[in-house]
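Presented below is the structure to which this report refers.
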There are 4 protein chains.
Amino acid sequence: MSPIVSEEYKENRKKLILESALKCFAEKGFELATIDDICARSGMSKGSIYNYFKTKDDIYIQLMNEQTKANFDYFQEHFKTISNATEKLQFLFKTYREVSLTEDFKHLMLVHGEFWLSSSRKKEIRSIMLERYQNVYKSFVIAILEEGIASGEFRKDIDPSVISTIFWTYVDGICLDYAVLGTEYPYCEVFRKTEEMIFFLLMKRD
Amino acid sequence: MSPIVSEEYKENRKKLILESALKCFAEKGFELATIDDICARSGMSKGSIYNYFKTKDDIYIQLMNEQTKANFDYFQEHFKTISNATEKLQFLFKTYREVSLTEDFKHLMLVHGEFWLSSSRKKEIRSIMLERYQNVYKSFVIAILEEGIASGEFRKDIDPSVISTIFWTYVDGICLDYAVLGTEYPYCEVFRKTEEMIFFLLMKRD
Amino acid sequence: MSPIVSEEYKENRKKLILESALKCFAEKGFELATIDDICARSGMSKGSIYNYFKTKDDIYIQLMNEQTKANFDYFQEHFKTISNATEKLQFLFKTYREVSLTEDFKHLMLVHGEFWLSSSRKKEIRSIMLERYQNVYKSFVIAILEEGIASGEFRKDIDPSVISTIFWTYVDGICLDYAVLGTEYPYCEVFRKTEEMIFFLLMKRD
Amino acid sequence: MSPIVSEEYKENRKKLILESALKCFAEKGFELATIDDICARSGMSKGSIYNYFKTKDDIYIQLMNEQTKANFDYFQEHFKTISNATEKLQFLFKTYREVSLTEDFKHLMLVHGEFWLSSSRKKEIRSIMLERYQNVYKSFVIAILEEGIASGEFRKDIDPSVISTIFWTYVDGICLDYAVLGTEYPYCEVFRKTEEMIFFLLMKRD
DNA sequence: CATGAATGAGTGTTCATTCAT
DNA sequence: TATGAATGAACACTCATTCAT
């Protein structure tokens, strides 16, 4: 007895739900977006959605997991062809600078921002968020910085942990402000100056 | 014939409601905090609260207005005794660095952050937020930067608007991350480095 | 120790409240009109209104009492100068036909109609309404009809009670429809035909 | 995939709600009747009712629509077997005279009366009511009158529009008074006299 | 007698979740 | 697995009435 529907089919359904949910959450915010909204957007029924996800929170969490994973898969993929820390860091800046322009990214940032905030209140989300922040985001940049220190590209007396923290605080801050303010926000200039300043911290000065 | 209770009494009641609301919103988020929560915290009845505020949104907006006002009143008051731009900017950094330590400030930042996000979705909040961002926050730092340029403290070729934008993006980013991450977050170091970098942008280099 | 305020003053306050209430009830209906609406219209405070009336229902009832009384006082006053039943009946028709034109009368009819309906549900109002219907409205027309029978103006074999009932059903029906439909309603023609028909019932035919 | 419950099932649920609502509205009036009352009477949950109707107003409006439709469907059905205008008009009178006796009809009239009144205040109800009054009620009787004029049954110089107006004013007035006053009201006699009078208007006199 | 702040039960409405089909 | 009707606990908000001043 083989399964009635293929794994692939099920994966596609899940993806459809997550995509629809992202749009709904971006539009109205997590609390105000309803399961019915997601049904309407995905063309699926309520019962179906609950076959794939346990709760509304579950959709939220899996959505954020997918996004984070996709994000870092993308970086890892490209890093295969980059051999020094400076260029890797520049690639990060470049990626965020360019992706910021898309409407989809704005949506993602709004939902990401809300998820971040809600992590201060919902226990389950908090532990997921903290774990990811430490083990994925921060570690990722720390690794680059350590690589740069080892190779002599960056100063030896920097604290990779603090600078990684700063990096993400700035990047998130910029993306979020841009997502909220839209065209009013000079994200391109801000990103360039930020890159300049971060490298100012990393580079040897006399 | 004459008002039965003094204006002062009424002001105090409003303040009590706003303080209670701030705590509730910080704890649960705006959407999840209920009017009943605010009643419980303030010891007031539902009806009473609605004598002072039209809607839950109204409480939210007036709360944010009060906080912004108090914030800038504080800065203005202190700036009377400071005569140069460099020290003014340093005072801003110092204030945020120090205030960050309090639990109340964390609450404020969480609610502020949520307000900021929700401004991308609720029209009424959006216009209030944008107006305040431009005319209060950004203008405030622009004025300091222009003063510094005029006095020769800062480089002549900087763009005060962009640097003001950067300043607030960073400060908000830091405060928000600290509010979420708590003691994990090296806010003190981050603030010092940020101050260093901003001044790096402003100062003449050879 | 004489009363602090005169009886006249108090009467005027009550009248002011009743007038305001009539407008509010006409505009929104009894249930939807609030004490606050009446306060706003009358310029009086809530407490004051409750000094003059026990409950909202009380205002309603006294309002309807006043109106009925004023109505029949007006008829009685004019009947002093009319010596036959035919003319009295014609005067009734004429009065309703003419008064229908005023906006105030429309308001009155709407409230009157609602009162009539609510009398089928609220016990206290029911007994008041029934008593008034029998002892004031019906009796009034019965007396005219009996006068007309006695004087030989009307047929001897009519049932004054039924015809009085019919009279008020028609008059109320017309006034109510006019109040609802407004200028669409050909009240003038309808009143003339109704008068014609009622007299057709009363008059001797061969 | 396919609907889980039949259309018929859903129609029955709607009917159950409308029937329950009619009783509740008749008992307490529209404003005072609560959704909870309707739940209690129908044995359905609040959420269920809101699956079938958007708002309380919606229930009200659909209830009145159904009743009007049922009413005129009944007349149309019977008119197939009646070939002259006189008998059609007599059939209308007969129907109202007989139906008046039922408790259900009283309820209907009370709610109908309230709907009529509220149409003077609620915009949405007003347009529905006016449209129905003109295009259903009035037109229906006008058609009969015109048929009678054409066939020579009625006088040629009558105004069908005015007489139709009069007809409904009287019929509504009688039904409403009967619904309020109950057994006190000699509806049978009143209906006979009214029929007599209307035909007096229509018939040729010398 | 006048005032209007306080009260809190009650209202219409929403929505995540369940479950029979 | 898919469906969508059913549920009922919540929620924001209202309003007649009271009562201290």
Side-chain angles (χ1 to χ4, degrees), chain A residues 3-6 9-10 13 30-39 43-59, chain B residues 1-6 9-10 13-14 31-39 43-59, chain C residues 3-6 9-10 13 30-39 43-59, chain D residues 1-6 9-10 13-14 31-39 43-59:
Chain A
I4 306 213
V5 300
S6 67
Y9 173 83
K10 279 161 60 174
R13 301 287 279 181
F30 176 74
E31 298 299 343
L32 260 28
T34 68
I35 298 289
D36 277 316
D37 290 332
I38 300 173
C39 292
M44 291 174 69
S45 71
K46 256 179 184 157
S48 252
I49 287 178
Y50 276 92
N51 275 338
Y52 292 95
F53 297 94
K54 271 207 310 285
T55 62
K56 196 182 163 193
D57 270 26
D58 190 25
I59 298 177
Chain B
M1 208 152 289
S2 52
I4 276 126
V5 301
S6 65
Y9 172 84
K10 279 163 64 176
R13 299 289 282 183
K14 275 192 89 164
E31 298 298 344
L32 259 29
T34 68
I35 297 289
D36 277 319
D37 290 332
I38 300 175
C39 291
M44 290 172 74
S45 72
K46 239 180 207 174
S48 249
I49 286 177
Y50 278 93
N51 276 343
Y52 291 95
F53 296 93
K54 273 208 300 287
T55 61
K56 196 182 162 192
D57 269 27
D58 189 27
I59 298 177
Chain C
I4 304 209
V5 299
S6 67
Y9 172 82
K10 279 160 61 174
R13 301 288 278 180
F30 175 73
E31 298 298 344
L32 260 29
T34 68
I35 298 289
D36 276 318
D37 290 331
I38 300 173
C39 290
M44 290 174 70
S45 71
K46 255 182 187 156
S48 250
I49 287 177
Y50 276 92
N51 275 338
Y52 292 96
F53 297 93
K54 271 208 308 285
T55 63
K56 196 183 164 194
D57 270 27
D58 189 26
I59 298 177
Chain D
M1 206 151 295
S2 52
I4 275 124
V5 299
S6 64
Y9 172 84
K10 279 160 65 176
R13 299 289 280 182
K14 275 192 88 163
E31 298 299 343
L32 259 28
T34 69
I35 297 289
D36 278 321
D37 290 333
I38 300 174
C39 292
M44 292 174 71
S45 71
K46 245 177 194 174
S48 249
I49 286 178
Y50 277 92
N51 275 343
Y52 291 94
F53 296 93
K54 272 208 302 287
T55 61
K56 195 183 163 193
D57 269 28
D58 189 26
I59 298 176

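Chain naming here is simple, since letters A, B, ... match the order of the sequence lines and numbering starts at 1 in each.
Taking for each of D:N51 and C:G47 the nucleotide of DNA chain E with the nearest heavy atom, the 5'-most of the two is the partner of C:G47. Residue-to-nucleotide proximity on DNA chain F shows that, of C:A33 and B:D36, the 5′-proximal contact is made by B:D36. Sequence order on DNA chain F of the closest nucleotides to C:L32 and D:S45 puts D:S45 first from the 5' end. Across the interface with DNA chain E, nearest-nucleotide mapping of C:M44 and D:E31 shows C:M44 to be the residue nearer the 5′ end.
In this structure, C:R13 does not reach the E:dC1 phosphate: none of its side-chain N or O atoms is under 4.0 Å from OP1 or OP2. Between B:S48 and E:dT7 there is a side-chain N or O to OP1 or OP2 distance below 4.0 Å. Taking 4.0 angstrom as the limit, D:K46 places none of its side-chain polar atoms (N or O) nearer than this to OP1 or OP2 of E:dT13. In terms of phosphate contacts, B:Y9 brings a side-chain nitrogen or oxygen within less than 4.0 Å of OP1 or OP2 of E:dA6. Dashed line: the shortest gap from a side-chain N or O of C:Y50 to OP1 or OP2 of E:dC1 is not under 4.0 Å.
Side-chain contact check for D:L32 versus D:D37: every heavy-atom pair is 4.5 Å or farther apart.
Rounding to whole angstrom units, CD1 of residue B:I35 and C1' of E:dT11 are separated by 16 Å. Going from atom CZ of D:F53 over to atom P of F:dA6 covers 12 Å, rounded to whole Å.
A cation-pi contact, defined as under 6.0 Å to the ring centre and within 45° of the axis, is absent between A:K10 and A:Y52.
Stem analysis of DNA chain E (at least three stacked-register Watson-Crick or G-U pairs, each with both distances under 3.5 Å) gives E:2-21 with F:2-21.
Pairs of residues two or more places apart, or lying in two chains, that qualify as salt bridge (charged side-chain N to carboxylate O under 4.0 Å, His left out) and include a residue from residues 45-59 of chain D are D:D36-D:K46, D:D57-D:K122.
A:T34 comes within 4.0 angstrom of the backbone, heavy atoms only, and of no base.
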